[in-house]
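The basis for the numbers below is simple: all heavy atoms, side chains too, and nothing from hydrogens, waters or symmetry mates. Here the structure is a predicted model, which means the values were calculated and not measured. A, B, ... follow the sequence lines: proteins, then strands. Residue 1 opens every chain.
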2 protein chains.
Amino acid sequence: MPRQKETIAITTPHVAGAEDIGEIRNIVGFHIRLAHGAVYRHFTETFAHLDLTQKQVSALWLVADHPDIAQIGVAQRMRMDRATTMAIVNRLEAKGYLVRRKSRSDGRKQALNLTDPGRRALAAAKRAIQQHEQWLKSRFTEQEVARLIELLARIHE
Amino acid sequence: MPRQKETIAITTPHVAGAEDIGEIRNIVGFHIRLAHGAVYRHFTETFAHLDLTQKQVSALWLVADHPDIAQIGVAQRMRMDRATTMAIVNRLEAKGYLVRRKSRSDGRKQALNLTDPGRRALAAAKRAIQQHEQWLKSRFTEQEVARLIELLARIHE
DNA sequence: GGTCTTTGTAAGTTATACTAACAATCTTAT
DNA sequence: ATAAGATTGTTAGTATAACTTACAAAGACC
């Protein structure tokens, strides 16, 4: 994770000339990538003091919402493969935020559950996310937010 | 902030505190990340035979649109820092798709330009992007595409 | 039982993004 | 004009993430 102190804002500020991107601006994928990058950077700043990445928070949140979930369940909900999920669960386990234990219903699976520190970390993360979402939503009306979510969902569903 | 809970309707069964910001699916950032992941994955499949990533294509395209552009120019337009831009330009140079040469107007800068193989690679990439964009746009009307681009631009601009 | 599938794990590769430090060059203030 | 400061490219090092391949253990199905 890009650890950082709280010095400066975004490393590549929007300066004159940045909007001159030519015909590439008509490519939807290009805008999704730029928007994702902007959100990612702001997220990282907002979460610098919590030592958690987007993926880690999402995984933590999913485990909280679905006690005893298996890694494959997290992977499916986050559209990741098993190996990537492993890496993220490993990091969360190393931080002491969740525990693996063999599932009783299916010996192949590991049931994931939050620890108390994990619950506290998630609570703090949710407060930070509120800030982050506020930053993100501040440029839209409520109706536009709903519309944006609906359009994005059509891409990933 | 009057009446806003309606759009974030779905109730969380377990915890209902003042700090509870609802289910993860109501978080805009989560949808942007999932949509970006879906687009990234499809892009990678579409481009498997071309040995080019999203970033590399974008950089190639920008250099084609702006001959003699400096690395810092590419960085600003793609919202990347100088070090990340270096890595991408290095890869494109290693593939023989572009050349660096000292800028005459500013000795600190490197003027970037495509080679002939670079131009051919970009032409092929643009054809693949048409396919990719078709896949992406197929779930929207033209009007929705325009709306989506407009909303996304508000995030990264 | 035997075979196929699913799940977790491990190892290794690639791409991206960031920091910090440095040299060369340009810009600006005195 | 020169000193001080800012910009640009570069290198080195770190962290995350996504992927592949391979393997073992357990479940599903015939």
Side-chain angles (χ1 to χ4, degrees), chain A residues 1-13 15 17 33-34 36-45 47-48 51-59 69-76 78-95 100-112, chain B residues 33-34 36-45 47-48 51-59 68-76 78-95 100-112:
Chain A
M1 156 152 116
R3 298 275 305 136
Q4 69 199 53
K5 63 295 184 281
E6 37 205 320
T7 25
I8 323 294
I10 302 185
T11 40
T12 53
V15 301
R33 205 149 41 62
L34 285 184
H36 174 258
V39 169
Y40 180 84
R41 272 188 298 276
H42 184 270
F43 186 102
T44 302
E45 285 166 37
F47 275 70
D51 194 31
L52 282 171
T53 65
Q54 279 190 341
K55 293 280 179 183
Q56 289 166 16
V57 172
S58 296
I69 193 174
Q71 285 178 196
I72 193 71
V74 174
Q76 284 163 355
M78 291 177 64
R79 304 327 191 252
M80 303 184 305
D81 66 9
R82 288 171 296 149
T84 305
T85 306
M86 268 288 301
I88 290 165
V89 171
N90 282 345
R91 282 180 202 113
L92 291 173
E93 191 183 37
K95 290 182 207 284
R100 294 171 152 105
R101 65 160 203 264
K102 232 182 196 335
S103 165
R104 277 192 307 277
S105 61
D106 188 334
R108 295 168 302 182
K109 295 182 178 176
Q110 295 276 20
L112 303 179
Chain B
R33 205 142 36 65
L34 285 183
H36 174 257
V39 169
Y40 180 84
R41 247 170 270 123
H42 184 270
F43 186 101
T44 302
E45 284 166 36
F47 275 70
D51 193 30
L52 282 171
T53 66
Q54 278 189 340
K55 293 279 180 187
Q56 288 167 16
V57 171
S58 295
D68 283 342
I69 194 175
Q71 284 177 198
I72 194 70
V74 174
Q76 285 165 353
M78 291 177 65
R79 313 304 198 266
M80 303 185 303
D81 67 8
R82 287 170 297 148
T84 305
T85 307
M86 269 290 301
I88 290 165
V89 171
N90 281 347
R91 280 179 205 113
L92 291 172
E93 191 184 36
K95 289 181 206 287
R100 292 171 154 106
R101 63 162 204 261
K102 233 182 194 338
S103 165
R104 276 191 309 276
S105 60
D106 188 333
R108 296 167 302 183
K109 294 182 177 176
Q110 296 274 23
L112 303 179

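Remark: Arg82(A) is not in phosphate contact with dT6(C), judged by side-chain N or O atoms under 4.0 Å from OP1 or OP2. Residue Lys109(B) has no polar side-chain atom (N or O) positioned under 4.0 Å from OP1 or OP2 of dC26(C). Taking 4.0 angstrom as the limit, Thr53(B) places a side-chain polar atom (N or O) nearer than this to OP1 or OP2 of dT16(C). For Arg79(B), no side-chain nitrogen or oxygen approaches OP1 or OP2 of dA17(C) to under 4.0 Å. Considering only side-chain N and O atoms, Arg41(A) lies nowhere under 4.0 angstrom from the phosphate OP1 or OP2 of dA17(C).
Following rounding to the nearest Å, Gln110(B) (CD) and dT10(D) (C1') show an atom-to-atom distance of 10 Å. Between the P atom of dA22(D) and the CG atom of Asp81(A) lies a distance of 16 Å, rounded to the nearest Å. For Leu112(B) and dT10(D), the CG to C1' distance is 14 Å, given to the nearest whole Å. When rounded to the nearest whole Å, the span between NZ of Lys55(A) and P of dT16(C) equals 16 Å. If you take CD of Glu45(B) and C1' of dC19(D), they are 12 Å apart, rounded to a whole angstrom. The interatomic distance linking Phe47(B) (CZ) with dT14(C) (C1') rounds to 18 Å, in whole Å. Rounded to whole Å, atom C1' of dA18(D) lies 14 Å from atom CZ of Arg33(B). Rounded to whole Å, the distance from CD1 on Ile88(A) to C1' on dA10(C) is 17 Å.
When each of Gln54(A) and Arg100(B) is assigned the nucleotide of DNA chain D with its nearest heavy atom, Arg100(B) is the one assigned upstream, toward the 5' end. Nearest-nucleotide assignment on DNA chain C puts the 5′-proximal partner with Val89(A), out of Val89(A) and Gly37(A).
Proximity note for Arg108(B) (side chain, C-beta onward) versus dG9(D), dC26(C), dA17(D): the nearest is dC26(C). Nearest nucleotide to the Lys102(B) side chain, out of dT6(C), dC18(C), dT25(C): dT25(C). Ranking dA18(D), dT7(C), dT25(C) by closeness to the Thr84(A) side chain, first place goes to dA18(D). Comparing dT7(C), dC18(C), dT8(D) against the side chain of Ile72(B) picks out dT8(D) as the nearest. Of the candidate nucleotides dT16(C), dG9(D), dT19(C), dG9(D) has the atom lying nearest to any side-chain atom of Met86(B). Taking the side chain of Asp106(A) as heavy atoms from C-beta on, and the options dG27(D), dA10(C), dT7(C), the nearest nucleotide is dG27(D).
The residue Ala70(A) sits close only to the backbone: its heavy atoms come under 4.0 Å of sugar-phosphate atoms, none of a base. Using a 4.0 Å heavy-atom criterion, one finds that Arg91(B) contacts the bases of the nucleic acid, with or without backbone contacts as well. As judged by a 4.0 angstrom heavy-atom cut-off over every strand, Ala87(A) is placed among residues making no nucleic acid contact.
Formation of a donor-acceptor pair under 3.5 Å by the Arg100(B) side chain with backbone atoms of Glu93(B) is not found in this model. Judged by distance alone, the side chain of Lys95(B) and the main-chain N or O of Leu52(B) form no donor-acceptor pair under 3.5 Å. Between the side chain of Arg33(B) and the backbone N or O of Ser58(A) there is no donor-acceptor pair closer than 3.5 Å.
Taking all atoms of both residues into account, the shortest heavy-atom contact from Gln54(B) to Val39(B) is NE2-CG1, 3.9 Å. In plain terms, the two heavy atoms of Gly107(B) and Lys102(B) that are nearest each other are O-NZ, 2.9 Å.
Between the side chains of Asp81(B) and Thr84(B), at least one donor N or O lies within less than 3.5 Å of an accepting N or O.
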